[in-house]
Number of protein chains: 2
Amino acid sequence: MVSGMAGLRERKKEQTRRRIAEVALRLFAERDFAAVTMTEIADAAEVSRATLFSYYPTKESLVLADVGAEDLAAVVTARPAGSTPLAALRGYYRDLAAGPIAELDREATVTRLGVIFASPALSAAANSLLYRQRERLAAALAEEYGERVAAIVAAEVTAAVLTIQERYFRRLVDGADPVAAGRGLADDVTLAFDLVERGVAGA
Amino acid sequence: MVSGMAGLRERKKEQTRRRIAEVALRLFAERDFAAVTMTEIADAAEVSRATLFSYYPTKESLVLADVGAEDLAAVVTARPAGSTPLAALRGYYRDLAAGPIAELDREATVTRLGVIFASPALSAAANSLLYRQRERLAAALAEEYGERVAAIVAAEVTAAVLTIQERYFRRLVDGADPVAAGRGLADDVTLAFDLVERGVAGA
DNA sequence: GTCGAAAAACAAACCCAGTCCAATTTTCTG
DNA sequence: CAGAAAATTGGACTGGGTTTGTTTTTCGAC
């Protein structure tokens, strides 16, 4: 079985997986995250409850499955020789702001983020996804900065990045023009890394 | 009814409240947070399940009830005229490291923190407590730095502070001498605020 | 002390997320 | 087509958290 060949099995699974997530998101947007039960989602997606849980192990993962898939530690360890870790992270987010994020379907993105921001449980879950990233980033940074500084810098970077993402999404949800919001995001990335590198005094 | 007069009612409630938390912490330390049920805790504390939940609305709150009670936003708004917000925060944590934290009962502190660190659910809950602090700190900082910078700086500060607290507690749990750990904490506070103020380049 | 009101504690039924398992159906492979 | 492997299913179960109506305890006034 060649990987990527995608037999009927794989295709149907992928299809079901997407259908479930879409149905769930629609329900969460209509009512509220807390007000929708897993049983309702299973019914609406026409799968059994057990199957639903086999695709998405938690209710939160229905919304956050592909969030936080990024790997900051890898960005650092795979950076070109001669560049600093912070320069590599800065470049990573600059590219992200210019490309992938700007090209997302605006409607869907706004819906999803509206749901996340409206639910304390989801916000908290998104938050703890980043928490694990932090630990791995700290390990990757330790070589360059030493363990002590690395721990703090990793915390600063992940927190700052979360904040500017929130700001970006908040603008979108509030109805800002996507292009302008994208520019704002790029500016925020610059500011955030300037702050980390040179501090409040120097930025 | 004068506040602080503490009639029998209040005293008994306070007593029950403490007994419940102590019993719960002991059970969590013996086994694991996830392995202890609320029913067991109620039985061991000799109250009904309903009463248990009326004292502590969630399982996490049994451990985290008095964590995160600090108010960083107030530290900033109540700072002496002429000082910067960051100087005020730095001073607040310097004093904390020198005084209150150093004087906690070591045994109890270590037990509690061992429980928190051993449980992903508790770590995540502690994390989201700080998340709310962040938003209020950002609002307090906005006057001085503008909204954009304030949001990022607030994120950096809260994340950095959490990190150095974790480092301190980790040292304690690992059996470090409390006095030495306290000195390490004070050093970390200095480093963290140096990083925020002057950046990686300048610290 | 006693009475009535307020507060606290209680038991029991209930909801929902998440787990487990054994039985069944669907897909793949030879 | 046969049989193995994977996916789906129903259903029972655990445990956190809520709700409701009842009983017990405390309190303040007399």
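So you know, we letter chains A, B, ... as the sequences are listed, proteins then strands, and number each from 1. All of these numbers come straight from a predicted model, not from anything done at the bench.
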Locate the shortest heavy-atom distance separating B:Val23 from B:Ile41; write the atom from each residue and the value.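 So the two residues come closest at CG1-O, 4.3 Å.
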Rounded to whole angstroms, how far apart are [atom1] on [X] and [atom2] on [N]?
{"X": "A:Glu10", "N": "C:dT27", "atom1": "CD", "atom2": "C1'", "answer": "10 Å"}
{"X": "A:Met38", "N": "C:dA17", "atom1": "CE", "atom2": "P", "answer": "7 Å"}
{"X": "A:Leu52", "N": "D:dT9", "atom1": "CG", "atom2": "P", "answer": "10 Å"}
{"X": "A:Ile41", "N": "C:dA17", "atom1": "CD1", "atom2": "P", "answer": "8 Å"}
{"X": "B:Lys13", "N": "D:dT25", "atom1": "NZ", "atom2": "P", "answer": "17 Å"}

Closer than 3.5 angstrom, by distance alone: can the side chain of B:Arg79 be matched with the main-chain N or O of B:Val76 as a donor-acceptor pair?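 Yes, B:Arg79 side chain to B:Val76 backbone: donor-acceptor pair under 3.5 Å.
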Among C:dA9, C:dT19, D:dG16, the one nearest B:Lys59 by side-chain distance: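 Per side-chain heavy atoms of B:Lys59, the pick is D:dG16.
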Among D:dG17, C:dC20, C:dC10, find the nucleotide with the atom closest to the side chain of A:Ala50.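 Side chain of A:Ala50 sits closest to C:dC20.
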What's B:Ser54 touching, base or sugar-phosphate or nothing? Going by heavy atoms closer than 4.0 Å. nothing
Counting the atoms with a prime plus P, OP1 and OP2 as sugar-phosphate, which does B:Tyr55 contact under 4.0 Å by heavy atoms, base, sugar-phosphate, or nothing?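 Result for B:Tyr55 = sugar-phosphate.
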Check: A:Arg49 side chain, C:dG18 base, donor-acceptor under 3.5 Å: yes
Does B:Ser48 or A:Thr39 map to a spot on DNA chain C nearer the 5' end, using the closest nucleotide for each? B:Ser48
Could you pick out which residue, A:Glu46 or B:Thr37, lies toward the 5' side of DNA chain D when each is mapped onto its nearest nucleotide? A:Glu46
